[in-house]
Amino acid sequence: MSSKQPPAETGRNDFIRAMVVSDLESGKYGGRVATRFPPEPNGYLHIGHAKSICLNFGIAEEFGGTCNLRYDDTNPETEDERFADAMAEDIRWLGYEWTQKLHASDCFEQMYEWAEQMIREGKAYVDSQTLDEMRASRGTVTEPGRNSPYRDRAVEENLDLFRRMRAGEFPDGAHVLRGRADMAHPNMLMRDPLLYRIRHAHHYRTGDEWCIYPMYDYAHCLEDAIEDITHSLCTLEFRNNREVYDWVLDAVGIEHPRPEQTEFARLNLDYTVVSKRKLIQLVDGEFVDGWDDPRMPTIAGLRRRGVPPEAIRTFCDMIGVADVDGRVDYGKLEFAIRDTLNWTAPRRLCVLDPLRVVITSYPENAVEWIDAPEFPHDVGKPGSRRMPFTRELWIERADFMEEPVRKFRRLSPGVEVRLRNAYVVRCDEVVKDPATGEVVELRCTHDPDTLGANPADGRKIKGTIHWVSADHSLPCEVRLYDRLFSVPNPDDVEEGASFTDHLNPESRIVVTGARIEPAVADDPAGTRYQFERTGYFASDPVTSEPGSLVFNRIVPLRDSWAKRARVT
RNA sequence: UGGCCCGUGGUGUAAUUGGCAACACGCCUGACUCUGGAUCAGGAGAGUCCAGGUUCGAACCCUGGCGGGCCAACCA
């Protein structure tokens, strides 16, 4: 792809879209396509959710359908408005807009009425067993369960009890409402599924209006039905729930055509975790600096790191959708990021580990403002910034070797290199600290005819290095981020170990003495750049300020030199 | 051990539904280059988990194995 346009309409043809197409052709839903993204507002959205968002909103876009944002807020104990708001922000940032924003809690009354209807029709009953009794009578995967002693309560008694549950007459755990399905069903989830539990807890939206709350298996399908969803997409681990989904719909009398559940594989990404539980542990255990730590796989973390939303959507397109579990190369995300940034991020020069260079042939107080293009020729986008060239410069310490290794194309004694966007210089003298022997300064001469031109005598310059003016460059802090974990699958831990044992100790390296060219001073925080030869960076939206600049590394550049060095 | 689901290059997905296994990432060569980036050209890498069967023909259908995932929260 890259220079070409993304595959757009030719690309996406997964089994779900194929199903949508076939439903459209058969007229099953009268030409309607309605999806929804149904997060529980109990944490932050992550890259795995992004896959689901791209799928649901993407399908709606492609087929002229609708996609709702629906909060599955049926568990008051874990949910919070701040999570809900952050989720909405993340979805918008990804570039999607919902048709309607809805809440399961808006439907509590309707769900309650359906529950009473089920009771009246003998399809649900109030069970008064304790949690342990219920667990014991549910059986196991190989043995059938036993009917609850309360299973045959009279309708009137069930109704009375259920109403009193709602009225708050009972403490948590005293009773539950159960569907009368089949305690011997081979699918454990069908053994009289719990429909309602008592929970005297404050709900962030309904307050104390309710003290009974519907369970996922009861609420989710009904929410879908109320919203007139056509394709209810969820991840593979809900496969067994589908039977309950259909059972509940039947029980309350939802007629066809009605929402149908289809499962797809959740995203597993190398070198990170995407389970909410583990993400919470990382935050609470202060292994990271919060939900938006740039190392987190959360949308907020990726955003803070500087990853553009288009890159995440490109990534989701690349990985596709299937019903097979797997895990995706971290490199694929990096590719998607580089591929969008290469065409959008203006170039700057930044020296991470400065080594002083004095151009002895250049006048003492002269300043030359060089016009340097924002993008290289092959990107072909207009624009330029001005770079001050002076007698004293900083270059990258790693770009000099007193005794160069084979194929080293940078600076060494007697060798010429191109200073990016400026002159060709030659290293004449190496100044060392007499005490330590450390190289402290390079004394070079420049070829004054090589600004914007190759040497007139035709000699070839084999390397180009980056630099900044010693006087005009700005000090800055640069945070080099790497993968959060040092193993591809942190979920795979041996007995007694924790996934946090595999945290990469070098996932963040803070460089404090870096110097950057002045043409970033007035940019708003969050601006993305390519620091040439180094990587893609963005100023940190939280901590970077005009006087004290902070840059986050989004992703390094591909580096075939480093790769060669590693191999040989 | 019961039920449900899934096995295609290193990775992620395709294969017009029974017709020469394709695309992307990654990897390797080379060209080009004022980024060891980008771009361009080329290459290696699976015979589709295994064994049978049906068929002129099977990744696709059937049977049996093997391997993996999910399910016994008053979570979602």
Side-chain angles (χ1 to χ4, degrees), chain A residues 1-3 7 11 13-14 18 38-40 42 72 74-75 77-78 127 130-131 134-136 138-145 172-178 185-191 194-199 213 215-217 219-220 234 236-243 263 265 267 270 276-277 317-336 338-339 342-343 347 349 375-379 407-410 417-422 424 450 452-454 461-466 488 530-535 557-565:
Chain A
M1 75 164 75
S2 295
S3 61
N13 65 320
D14 48 74
E40 182 190 12
N42 69 345
D72 223 345
T74 58
N75 183 359
E77 295 182 309
T78 56
D127 195 348
T130 65
L131 208 150
M134 224 176 284
R135 205 197 315 269
R138 185 147 33 214
T140 68
V141 290
T142 52
E143 306 153 28
D172 289 5
H175 309 281
V176 292
L177 185 72
R178 284 239 246 179
H185 200 104
N187 179 354
M188 297 289 298
L189 295 174
M190 285 293 287
R191 323 251 256 225
L194 270 64
L195 273 23
Y196 272 90
R197 80 285 213 180
I198 300 170
R199 197 101 318 169
Y213 291 90
M215 302 285 293
Y216 168 84
D217 279 318
H220 201 95
C234 63
L236 247 26
E237 64 268 28
F238 289 96
R239 176 85 72 177
N240 295 328
N241 298 68
R242 187 163 77 202
E243 208 166 3
E263 310 84 15
L267 169 65
D270 275 349
K276 209 172 273 179
R277 206 193 94 242
D317 276 347
M318 283 175 69
I319 60 175
V321 179
D323 58 352
V324 194
D325 271 311
R327 81 189 358 266
V328 176
D329 265 345
Y330 191 81
K332 239 167 206 136
L333 213 212
E334 293 189 319
F335 171 85
R338 292 192 189 106
D339 197 43
N342 182 44
W343 305 92
R347 313 294 135 118
L349 264 35
F375 292 92
H377 51 278
D378 48 289
V379 171
K407 298 219 177 176
F408 188 72
R409 302 216 315 240
R410 309 178 194 179
V417 291
R418 159 79 61 183
L419 294 179
R420 178 64 164 165
N421 297 135
V424 169
T450 53
N454 286 322
I461 308 302
K462 51 186 197 284
T464 300
I465 64 173
H466 56 282
Q530 183 196 104
F531 291 173
E532 292 198 57
R533 306 212 309 133
T534 305
L557 249 31
R558 283 187 68 222
D559 190 349
S560 52
W561 169 248
K563 197 184 299 173
R564 170 195 294 268

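Letters A, B, ... mirror the listed sequences (proteins, then strands); counts begin at 1.
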Nucleotide forming a Watson-Crick or wobble pair with B/C66, both distances under 3.5 Å: B/G7

Taking all non-hydrogen atoms of both residues into account, name the closest pair between A/Arg199 and A/Tyr213 and its distance. O-CE1, 3.3 Å

Sugar-phosphate only, base, or nothing, as touched by A/Arg327 at under 4.0 Å among non-hydrogen atoms: sugar-phosphate

Side chain of A/Arg347 - closest among B/U11, B/G2, B/G37: B/G37

Any donor-acceptor pair under 3.5 Å joining the side chain of A/Asp378 to the base of B/G37? yes

Contact list (N/O, under 3.5 angstrom) for nucleotides 14-22 of chain B vs protein:
from: B/A14; atom 1: OP1; to: A/Val321; atom 2: O; distance (Å): 3.3

Indicate whether OP1 or OP2 belonging to B/G36 is found under 4.0 Å from a side-chain N or O atom of A/Thr464. no

Is there a Watson-Crick or G-U wobble partner for B/G42 with both distances under 3.5 Å, and which nucleotide is it? B/C28

Could you please name the partner base of B/U55, counting Watson-Crick and G-U wobble pairs only when both distances are under 3.5 Å? none

Do the side-chain N or O atoms of A/Arg558 get closer than 4.0 angstrom to the phosphate oxygens (OP1, OP2) of B/G36? no

Are the side chain of A/Thr78 and the backbone N or O of A/Asn42 linked by a donor-acceptor pair below 3.5 Å? no

Suppose you measure atom P in B/G45 against the same atom in B/C23; what distance do you get, rounded to whole Å? 15 Å

In B/S/- notation (B base, S sugar-phosphate only, - none; protein heavy atoms under 4.0 Å), nucleotides 69-76 of chain B written 5' to 3' is SBBBSBSB

In Watson-Crick or G-U wobble terms, with both distances under 3.5 Å, the base opposite B/G2 is B/C71

Is A/Lys563 close enough to B/C27 that one of its side-chain N or O atoms is under 4.0 Å from OP1 or OP2 there? yes

